Amino acid sequence: MVLPEFTHYQTPPKRTVLYKTFSLIADGFLFVGGASLAISLIWALLSTINPNPFEETITTTTQPSSNDVVHCSNSFSGVDPPELTFYDDPNLSYSIDRPIRNWDQKRKQWLKHHPNVAGSTDTRVLIVTGSQPGVCRHPSGDHLQLRLFKNKVDYARIHGHEIFYNNALLHPKMTGFWAKYPLVKSAMLAHPEAEWVWWVDSDAVFTDMEFKLPLEKYDNYNLVVHGWSHAVYDEKSWTGLNAGVFLIRNCQWSMELMEAWTRMGPQSPDYQKWGKTQKSLLKDKLYPESDDQAALIYLLLKENERWGKKIYLESEYNLEGYWLALVDKLDNITRRYMEIEQKVGDLRRRHAEKVSEYYGMVREEYLKDVVRRPFVIHFTGCEPCTGDHNPTYTWEACWNGMQKALNFADNQVLRRFGFVHPDLLDSSLVSPLPFDFPLV
């Protein structure tokens with residue numbers, strides 16, 4: 001079992017249709033009657049459309065005939081059938097303040113009306129991340145935010161995940177680390193096809209671009225966070241888990257969990273009381289204000305019968321790893337991986353980015369006795385946008401750590417394009433890779 005080697009820096013909370021109805025009728029209609037008749041028919045077709053798409057009188061639509069040619073792809077085509085779903089309910093609210101009920105049934109109904117996506121929901125993942133609405137205060141902040149976002153886009157593209165990046169505050173009172181929960185709820189409603197919503201803090205870096213989430217491992221769970229059971233249940237430690245990266249299943253249970261979770265947030269009239277309660281429960285919590293990490297630990301300790309059986313504390317790999325424990329190991333990890341590739345021709349073979357997951361599976365056989373790449377490195381306490389970092393280390397340490405982690409990850413991406421950063425601390429320098437690298 002991996003032990004938490006370092007205490008995460010505790011940062012106080014910041015105050016901070018048209019409905020497309022262009023039917024292809026040309027296959028069955030050969031311009032009978034000339035241009036005037038064609039125009040009349042088209043006008044008649046368009047006039048049958050109800051101008052108010054939310055009225056319940058919409059019950060039928062023209063369906064494609066057997067002679068129509070419909071071009072489909074592996075992705076969702078975007079066609080929305082006319083059947084009413086939860087979206088047509090005027091009482092539906094995306095707000096975190098308004099609860100959702102019977103979400104499993106509503107989502108099931110929507111999937112029934114969209115069978116082209118219903119069959120793939122078990123593995124469909126939506127990555128959600130974001131940053132502040134305004135310009136970063138630190139001179140390098142916006143540059144770092146762009147690179148951090150690029151890293152997440154790269155990982156999502158390689159593994160076929162969709163990604164949503166948000167920089168709007170969806171609840172005026174839920175700022176700082178609480179801002180993610182209104183966004184996660186809205187993402188569930190906006191993407192009923194997604195089985196999992198994967199929240200990733202903006203300052204977290206994917207550093208193993210081949211690693212694939214072991215989703216089958218979580219079949220019986222609805223929330224997955226990085227953490228250690230003994231640190232949560234025995235030590236009652238604030239660092240027993242980290243809520244900066246988590247997987248949450250798109251289901252009613254999760255909606256109810258977020259209700260319980262966010263009742264301790266800054267929008268609650270009992271916010272100050274919850275902060276004192278958390279601090280008295282978790283002896284290593286340094287500040288008195290309620291935070292989401294302490295709130296989740298509170299639910300595990302005090303309401304375990306309701307929530308505990310569906311929450312998985314992941315400690316077998318770095319779903320998020322503390323940066324100070326990991327960045328200095330990246331150079332040695334690079335050397336060990338190259339030593340493996342020098343011996344294994346299949347891993348040196350040039351290939352398209354689309355098949356990266358396959359080569360990741362090939363590599364697994366040779367990683368049993370090797371310190372593997374950390375999956376995610378989380379720069380907790382560095383605050384790249386504001387620069388208000390943990391005073392126990394310097395901004396230079398944060399900057400160098402982020403450059404090293406981002407270039408370490410970028411090398412895994414750039415290699416499919418024929419290039420590499422020879423120096424992990426120099427983002428601007430790239431070199432072309434020779435054939436059969438790294439044997440040459």
Side-chain angles (χ1 to χ4, degrees), residues 1-4 99-100 102-108 111 118-129 155-156 159-162 180-181 183-185 187-189 191-201 204 206 208 211-234 236-237 239-264 292-321 374-376 378:
M1 176 178 288
V2 182
L3 297 178
I100 295 290
N102 302 315
W103 175 236
D104 292 339
Q105 291 80 3
K106 292 172 181 176
R107 182 169 171 252
K108 182 178 179 180
L111 291 170
S120 58
T121 55
D122 288 345
T123 56
R124 191 180 291 272
V125 175
L126 173 68
I127 298 175
V128 179
T129 185
Y155 182 86
H159 293 274
H161 300 321
E162 294 188 1
K180 64 174 77 82
Y181 300 101
L183 177 55
V184 169
K185 177 189 174 179
M188 289 180 174
L189 294 175
H191 285 267
E193 82 287 355
E195 182 66 13
W196 292 97
V197 171
W198 186 2
W199 171 263
V200 184
D201 271 2
F206 288 103
D208 189 344
F211 187 85
K212 186 178 179 180
L213 282 171
L215 293 177
E216 66 284 350
K217 182 178 179 180
Y218 311 131
D219 283 347
N220 297 320
Y221 299 93
N222 294 334
L223 179 70
V224 182
V225 294
H226 192 66
W228 303 265
S229 294
H230 73 279
V232 170
Y233 294 109
D234 299 333
K236 297 180 175 57
S237 171
T239 60
L241 59 81
N242 189 288
V245 179
F246 60 79
L247 277 162
I248 188 166
R249 194 181 295 275
N250 195 354
C251 65
Q252 180 62 33
W253 181 96
S254 299
M255 292 290 188
E256 294 173 5
L257 172 69
M258 285 191 290
E259 282 184 55
W261 201 345
T262 59
R263 75 172 186 254
M264 306 182 216
D292 64 330
Q293 190 161 299
L296 181 57
I297 297 173
Y298 176 90
L299 294 177
L300 284 170
L301 292 173
K302 298 299 184 179
E303 301 180 19
N304 186 266
E305 186 174 342
R306 183 178 182 187
W307 309 113
K309 293 180 180 179
K310 290 294 184 179
I311 298 176
Y312 190 92
L313 299 178
E314 181 59 80
S315 60
E316 294 184 0
Y317 65 91
N318 287 294
L319 183 60
E320 68 82 37
F375 180 35
V376 176
H378 191 187

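Note that the structure is predicted; figures quoted are calculated from it, not measured. Below, each value reflects all heavy atoms present in this structure, side chains not excepted, and no hydrogens, waters or symmetry copies.
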Problem set entry | Heavy-atom neighbours of K217 NZ exceed 12 at 6.0 Å |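 Count over threshold, so yes.
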
For this session: Would you indicate whether E216, at its atom CD, is surrounded by more than 12 heavy atoms from other residues, nucleotides or ligands within a distance under 6.0 Å?
Result: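 Count over threshold, so yes.
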
Problem set entry | Validation row, ring centre W307 to ring centre W253 under 6.0 Å |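 That pair passes the under 6.0 Å test.
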
For this session: May I ask you to check whether F206 and W198 place their ring centers less than 6.0 Å from one another?
Result: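 Ring-ring flag for F206/W198: true, centres closer than 6.0 Å.
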
Any side-chain heavy atom of [X] sitting closer than 4.5 Å to one from [Y]?
{"X": "K180", "Y": "D201", "result": "yes"}
{"X": "L299", "Y": "I311", "result": "no"}
{"X": "V225", "Y": "L313", "result": "yes"}
{"X": "Y155", "Y": "H161", "result": "yes"}
{"X": "L126", "Y": "N250", "result": "no"}
{"X": "N242", "Y": "Q293", "result": "yes"}
{"X": "M255", "Y": "L189", "result": "yes"}
{"X": "M258", "Y": "I248", "result": "yes"}

Exercise. OH of Y218 to CZ of R249: how many Å apart, nearest 0.5 Å?
Worked result: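 The CZ atom of R249 is 11.5 Å from OH of Y218, to the nearest 0.5 Å.
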
Exercise. Which heavy atom in L301 sits nearest to a heavy atom in K236, and how many Å separate them?
Worked result: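 That closest heavy-atom pairing would be CD1-CG, 4.0 Å.
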
Exercise. Is it true that a side-chain atom of E320 and a backbone atom of V376 form a donor plus acceptor pair closer than 3.5 Å?
Worked result: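 No: the side chain of E320 does not pair with the backbone of V376.
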
Problem set entry | Salt-bridge criterion met for R263 and E303 (N-O under 4.0 Å) |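 Salt bridge present between R263 and E303.
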
Exercise. Does the distance from a Lys or Arg side-chain N to an Asp or Glu carboxylate O, for E195 and R107, drop under 4.0 Å?
Worked result: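 R107 and E195: salt-bridged.
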
